[in-house]
Colleague: 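First the structure, which I've put down as structure tokens, then a few questions once you've had a look.
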2 protein chains.
Amino acid sequence: MTEFDLLFKALKITEDPLKEKILDIGVLQDVSKNTYILEQGKYIKWLALVVKGKVRVWQENEDRQILLYYVEPIQTCVLSLSASFRDCKSIINAKAIEDSTIIKIPVRYISEWCIKYPSWNTFTTNSFIFSYEDLLRSYKKLAFNKIDKRLLDYLELITNKTNSSVINLSHSQLAKELGTTREVISKTLKQFEHSGIVNLKFKEIELL
Amino acid sequence: MTEFDLLFKALKITEDPLKEKILDIGVLQDVSKNTYILEQGKYIKWLALVVKGKVRVWQENEDRQILLYYVEPIQTCVLSLSASFRDCKSIINAKAIEDSTIIKIPVRYISEWCIKYPSWNTFTTNSFIFSYEDLLRSYKKLAFNKIDKRLLDYLELITNKTNSSVINLSHSQLAKELGTTREVISKTLKQFEHSGIVNLKFKEIELL
DNA sequence: TTTTACTTGTGTCAAAAGGTACAGGTTTGA
DNA sequence: TCAAACCTGTACCTTTTGACACAAGTAAAA
């Protein structure tokens with residue numbers, strides 16, 4: 001089974017003409033770890049579908065960063081999707097954080113396919129819905145929760161996703177996910193340790 | 001010209017069968033000021049399209065609120081749109097802040113029409129794109145800007161929209177737009193006045 | 001082994017934001 | 001005209017977050 005077949009299956013693409021189109025137009029590309037896929041201020045020319053690896057999507061401002069989401073197989077970055085509908089510059093960054101494989105589709109086909117192929121339309125609509133609600137939840141948390149609650153939520157999210165109570169992220173990496181500074185994370189984690197919520201080791205946080 | 005005709009024109013709905021469907025199924029309703037259209041935690045059964053008036057959409061947490069956006073003619077609340085695609089509870093609030101007129105469409109038709117009618121599909125997709133990017137900009141501001149910058153941005157937004165340098169909002173209303181408290185707004189505005197950025201009167205802020 | 005880069009801990013201080021309290025102004029409508 | 005509801009200003013204090021500084025630990029490669 002090729003990467004394309006995996007894509008078709010995961011995206012529930014059933015129309016043969018659409019499959020042919022994607023095979024014809026899509027470019028399968030390996031991107032090594034730390035390669036930028038989208039950059040703030042640069043034009044978006046391709047819709048990238050991740051078929052292997054992991055892509056981090058975030059916003060930044062001077063020396064701070066805040067995570068938006070991770071794109072994993074089989075997903076697409078909703079931002080590059082939204083850009084596909086109207087020629088514009090990226091307002092986010094996306095970078096492969098593992099060696100990854102993506103399928104690139106020139107943006108001009110995206111909206112055209114929405115009209116021609118119901119399964120493509122369903123895929124794009126679902127991406128928007130999911131992403132919008134996800135961002136909305138993040139927005140609410142950012143607006144109303146203090147950093148300790150936000151950090152704990154994030155740690156719990158990670159442990160749920162990885163199915164392990166151990167988190168191998170440095171304090172500065174956590175700061176960049178949550179839009180704060182390293183020192184704040186270090187101090188908050190120390191508090192958590194005193195409260196018996198976590199165990200701290202070098203580059204390792206165990207959630208109790 | 002009826003409200004429905006206005007709707008068709010504004011939404012660029014061209015298909016006659018879709019027009020008939022909307023006329024058949026849509027319910028034209030007057031809602032008086034302060035009527036809730038969506039409430040956090042309650043099921044969404046209708047997609048509401050605003051044809052007259054103004055609807056405020058926000059999130060809340062205990063005694064704080066933060067604005068998401070206003071829905072004006074002819075627009076729809078993207079949240080009720082997203083809910084239309086999957087039976088779910090609202091994670092936001094929406095309330096008419098003027099006497100308004102809406103057209104209500106039961107959610108079960110929304111995704112069906114996306115497939116059948118290209119113009120409807122274009123409308124929903126555009127709503128998602130616009131709203132997603134808008135929320136993303138808000139998220140970035142919330143993450144990286146301090147309250148003085150956020151307040152000033154908001155005041156400028158209002159003056160641009162109303163084409164008037166005078167803003168008739170109380171400090172507590174502003175606090176509810178920005179997710180903070182009345183005192184913080186009062187103090188920040190006083191600072192602005194000292195810096196010669198604004199003139200303050202009772203329930204009136206003049207941006208200089 | 002030594003260098004280099006990264007990581008963690010923490011003390012001190014400053015800035016930002018929020019909470020409480022109270023005084024007094026404005027508006028509306030009974 | 002009086003009361004009630006809402007609005008504004010501000011003093012004082014606390015909590016939260018951030019900035020700076022420095023010490024010390026860890027890992028990996030030269």
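Here the structure is a predicted model, which means the values were calculated and not measured. Letters A, B, ... are given to chains in the order of the sequence lines, protein chains preceding strands, and every chain is numbered from 1.
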Colleague: How many Å lie between NZ on B:K203 and P on D:dA5, as a whole number?
Modeller: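 Going from B:K203 (NZ) to D:dA5 (P), I get 16 Å.
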Colleague: Find the distance A:L142:CG to C:dA17:P and express it as a whole number of Å.
Modeller: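 Checked: the CG to P distance equals 13 Å.
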Colleague: What's the CG-P distance between A:L169 and C:dC6, to the nearest Å?
Modeller: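 Distance check: A:L169 CG to C:dC6 P gives 17 Å.
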Colleague: Please confirm whether the shortest side-chain N or O distance from B:R64 to OP1 or OP2 of C:dG19 is below 4.0 Å.
Modeller: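 True: B:R64 side-chain N/O within range (under 4.0 Å) of C:dG19 OP1/OP2.
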Colleague: For the pair A:E98 and A:R56, evaluate salt bridge (Lys or Arg N to Asp or Glu O under 4.0 Å) and give the outcome as yes or no after the intermediate values.
Modeller: CA-CA 9 Å; A:E98 295 173 5; A:R56 179 174 187 259; over 6 Å; no
Colleague: Separation of A:N145 atom CG from C:dA17 atom C1', in whole Å?
Modeller: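 Spelled out: CG on A:N145 to C1' on C:dA17 is 16 Å.
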Colleague: Base of C:dG9, side chain of A:R182 - is there a donor-acceptor contact under 3.5 Å?
Modeller: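 Between C:dG9 and A:R182, which were checked side chain against base, a qualifying N/O pair under 3.5 Å is present.
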Colleague: Ignoring hydrogens and angles, state whether a donor on the side chain of B:Q59 or A:K140 is under 3.5 Å from an acceptor on the partner side chain.
Modeller: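 No, A:K140 and B:Q59 have no side-chain donor paired with an acceptor closer than 3.5 Å.
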Colleague: Rounded to the Å, how far apart are B:L151 CG and C:dA16 P?
Modeller: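 Spelled out: CG on B:L151 to P on C:dA16 is 15 Å.
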Colleague: Side-chain contact test, heavy atoms from C-beta onward, threshold under 4.5 Å: evaluate it for A:I66 versus A:E177 and give yes or no.
Modeller: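 No - every pair of side-chain heavy atoms lies 4.5 Å or more apart.
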Colleague: Tell me which of A:S170 and B:D148 sits closer to the 5' end of DNA chain C, going by the nucleotide each one is nearest to.
Modeller: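 The answer here is A:S170.
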Colleague: Roughly, in whole Å, what's the span from NE2 in A:H171 to P in C:dC6?
Modeller: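 In whole Å, C:dC6 P lies 17 Å from A:H171 NE2.
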Colleague: Got B:I97 and B:Y70 here, is their nearest side-chain heavy-atom distance under 4.5 Å?
Modeller: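 Side chain of B:I97 against side chain of B:Y70, heavy atoms only: contact under 4.5 Å found.
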Colleague: Taking only N and O in the side chain of B:S186, is any of them less than 4.0 Å away from OP1 or OP2 of D:dC7?
Modeller: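 Result: no.
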Colleague: Determine yes or no for a side-chain-to-main-chain donor-acceptor pair under 3.5 angstrom, with A:Q40 supplying the side chain and A:E60 the backbone.
Modeller: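 Yes, A:Q40 side chain to A:E60 backbone: donor-acceptor pair under 3.5 Å.
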Colleague: Heavy atoms under 4.0 Å is the rule here; annotate nucleotides 11-16 of chain D 5' to 3' with B where the base is hit, S where only the sugar-phosphate is, and - elsewhere.
Modeller: -B---S
Colleague: Quick check against the 3.5 Å criterion: does A:S100 have a side-chain atom that pairs as donor or acceptor with the backbone of A:K54?
Modeller: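 Yes; at least one donor-acceptor contact below 3.5 Å.
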Colleague: The side chain of B:S172 lies closest to which of these nucleotides: D:dC7, D:dG9, C:dT7?
Modeller: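 Output: D:dC7.
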Colleague: When the distance from CG of B:L200 to P of D:dC7 is rounded to whole Å, what number comes out?
Modeller: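 Roughly 15 Å, once rounded to whole Å.
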Colleague: Any chance you could lay out the salt bridge (Lys or Arg N to Asp or Glu O under 4.0 Å) test for A:D5 and A:K9, step after step, and finish with the verdict?
Modeller: CA-CA 6 Å; A:D5 290 323; A:K9 207 179 157 194; over 6 Å; no
Colleague: Could you tell me how far apart A:L174 (CG) and C:dT8 (C1') are, to the nearest whole angstrom?
Modeller: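 Spelled out: CG on A:L174 to C1' on C:dT8 is 13 Å.
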Colleague: Between A:T181 and A:F202, who's closer to the 5' end of DNA chain D by nearest nucleotide?
Modeller: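 So the residue in question is A:T181.
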